[in-house]
*Asks:* 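Can you keep this structure in mind? I'll have questions shortly.
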2 protein chains.
Amino acid sequence: MQSTASISEWPETKRNLVDAGVRLMRARGFNATTVDDICAAAGVTKGGFFHYFKSKEEIAKAAVSRFSAGKSEDFREAPFRKLADPLDRVFGRLEFARKSTGGTTHLTKGCLVGMLAQELSFTHPELRGACEDSFSRMAIDFETDLAEAKAAHAPQAEFDPKEVAMLYVTIIQGSLMLAKTSKSNAVLHRNLEQFRQYLHALFGRSDRSHGKSRA
Amino acid sequence: MQSTASISEWPETKRNLVDAGVRLMRARGFNATTVDDICAAAGVTKGGFFHYFKSKEEIAKAAVSRFSAGKSEDFREAPFRKLADPLDRVFGRLEFARKSTGGTTHLTKGCLVGMLAQELSFTHPELRGACEDSFSRMAIDFETDLAEAKAAHAPQAEFDPKEVAMLYVTIIQGSLMLAKTSKSNAVLHRNLEQFRQYLHALFGRSDRSHGKSRA
DNA sequence: CGTTACATACCAACCAGTCTGTATGCAATC
DNA sequence: GATTGCATACAGACTGGTTGGTATGTAACG
């Protein structure tokens, strides 16, 4: 079975199950997704499901890992990563985050981690922990660039890169929630734009505007 | 039955049911809360429940209304509301929001609206609408002070009070989610503090620090 | 005597998880 | 290289408990 093997080496059936789990739980949440739903979506029967996962909770954990790793990879391989100046990477990340949610028309499907964090934090300790880790990694990834940018461009500034990175995660998650609720990701774009301006303020007025400024 | 009567005139049994619904759904979400749970918590039987609510979804809507109205009232009656200067009310609101979540030890129970918005936006259109309205009212309430403060203190500033108010809601919601996940509302405090500094920047450097500044 | 406000028993659907069966590959044995 | 044996990878039927909702009764009240 080898459930701890790198996910890319998992048998196809198991990957299909996890993919289906990600898709369904992302849209409906944990409780509203039945293992029969997952089986049907993956073209597998119950026998197959419980051969690979000992419980529904376990596939949820695998789904969080997979989703999380996927997003992680998207950002690790994004063009902005190659920019030499860490401050360019900071703002490049915001641009990339904005673009990766599609235009104002194309609405976001939301974040699986946010969904499960909200739904299960009080009832499923292990899932809560998995979500916490996912958020934490997302923050630390940003924090790295932020700290380098601070050292290079504003060493005397008073902000704490860790706190700013957490605010970033907060804004992303909050925005995705509001985007779902309002059926438009315009909020997400506007919030990221404001966060960008906050960063400008933190780094002093070296206005390296990557987007358009206001009319 | 008169389900549209002002909630304060509802019979006690009905209010008990809604209160129980708020408490349970706030902690476990919609799907993980059974109507039997609600009945037990309210000390009512199924018959009583379905006498007042025609479905589980309907009590969820009532719960959102009640929770929403309750929070609304908390803010409407908060001390900061009496401050003459709108900018003082702006920062006073942040202080009040911070305090109303308790100290760093006492952990937040989360926001029912955020919970249901996340869980049901894609599957229950009416609930999604109810959550959207709730967020919207929360934003507009802040927007009012913000617009007045801008007119009085920074009429030439470029920010849009509506966008800033939405960012506020975003940060609150995102923070509550991260607070649940990390089992500490320290994130919420740090995020609000940063938002306060963002507002300072928007309103120019008239440093009216209500809290302590950084060491 | 009709309406409101519940209580209780009940039901059909659903759902996570189990059990048993079976096809397939692979390795040791003859 | 045929046979045996065993593990893996599923399929599909089954189950026990749960759940939203209903049907029916009945006590109080106006």
Side-chain angles (χ1 to χ4, degrees), chain A residues 1-5 7-25 27-64 116 119-120 123-127, chain B residues 1-22 24-25 27-64 116 119-120 123-127:
Chain A
M1 199 199 279
Q2 281 298 20
S3 65
T4 48
I7 197 169
S8 54
E9 294 160 20
W10 285 7
E12 203 191 333
T13 303
K14 191 170 183 180
R15 264 179 305 163
N16 288 343
L17 284 167
V18 179
D19 286 346
V22 169
R23 256 179 296 137
L24 292 174
M25 290 190 184
R28 310 178 194 170
F30 179 82
N31 287 303
T33 301
T34 71
V35 346
D36 282 317
D37 287 341
I38 299 175
C39 291
V44 181
T45 57
K46 271 260 188 64
F49 181 95
F50 284 100
H51 174 67
Y52 288 112
F53 302 98
K54 73 168 194 288
S55 71
K56 187 182 167 186
E57 189 174 348
E58 214 192 70
I59 202 188
K61 282 192 266 181
V64 169
L116 299 191
E119 193 180 0
L120 306 173
T123 51
H124 293 63
E126 294 193 26
L127 258 315
Chain B
M1 200 198 280
Q2 281 297 24
S3 65
T4 48
S6 161
I7 196 168
S8 54
E9 294 160 22
W10 285 7
E12 202 191 334
T13 304
K14 191 170 184 180
R15 265 180 304 163
N16 288 343
L17 283 166
V18 179
D19 286 347
V22 169
L24 292 174
M25 290 190 184
R28 312 179 192 168
F30 178 83
N31 287 302
T33 301
T34 72
V35 345
D36 283 320
D37 288 341
I38 299 176
C39 291
V44 182
T45 57
K46 270 254 188 68
F49 181 95
F50 283 100
H51 174 69
Y52 288 111
F53 302 98
K54 72 168 197 286
S55 70
K56 187 182 167 187
E57 188 173 347
E58 214 192 70
I59 202 187
K61 282 193 267 182
V64 169
L116 299 191
E119 193 180 0
L120 306 173
T123 51
H124 293 62
E126 294 193 26
L127 258 314

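To find a chain, count down the sequence lines: A is the first, B the second, and so on, and within it residues start at 1.
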*Asks:* Produce the list of close N/O pairs, under 3.5 Å, pairing protein atoms with atoms of nucleotides 13-16 of chain C; give distances to one decimal.
*Replies:*
unit_1	atom_1	unit_2	atom_2	d
C:dA16	OP1	A:Lys56	NZ	3.1
C:dA16	OP2	A:Val35	N	3.0

*Asks:* Got a sec, which residues hit salt bridge (charged side-chain N to carboxylate O under 4.0 Å, His left out) with B:Glu57, two or more places apart in sequence or on another chain?
*Replies:* none
*Asks:* Check this one for me: any side-chain N or O of B:Thr13 less than 4.0 Å away from OP1 or OP2 of C:dA5?
*Replies:* no
*Asks:* Could you give the CD1-to-P distance, from B:Ile59 to D:dG21, as a whole number of Å?
*Replies:* 12 Å
*Asks:* Under a plain distance cut-off of 3.5 Å, with no hydrogens placed, do B:Asn16 and B:Thr13 share a side-chain donor-acceptor pair?
*Replies:* no
*Asks:* Do the side-chain N or O atoms of B:His51 get closer than 4.0 angstrom to the phosphate oxygens (OP1, OP2) of C:dC6?
*Replies:* no
*Asks:* Excluding sequence neighbours, so at least two apart, what forms salt bridge (charged side-chain N to carboxylate O under 4.0 Å, His left out) with B:Lys56?
*Replies:* none
*Asks:* Among all residues two or more places apart in sequence or in another chain, which pass the salt bridge (charged side-chain N to carboxylate O under 4.0 Å, His left out) test with A:Arg23?
*Replies:* none
*Asks:* Holding to side-chain contact (heavy atoms from CB on, under 4.5 Å), I want the full list of residues that pass it with B:Thr45, two or more places apart in sequence or in another chain.
*Replies:* none
*Asks:* Send over the distance from B:Leu17 CG to D:dG21 C1', rounded to a whole Å.
*Replies:* 15 Å
*Asks:* Name all pairs fulfilling the salt bridge (Lys or Arg N to Asp or Glu O under 4.0 Å) condition that reach into residues 41-50 of chain A, sequence neighbours left out, sorted by first residue then second.
*Replies:* A:Asp36-A:Lys46
*Asks:* In whole angstroms, how far is the P atom of D:dA13 from the CZ atom of A:Phe49?
*Replies:* 19 Å
*Asks:* Calculate the interatomic distance between A:Tyr52 atom OH and D:dA7 atom C1'; express it in whole Å.
*Replies:* 13 Å
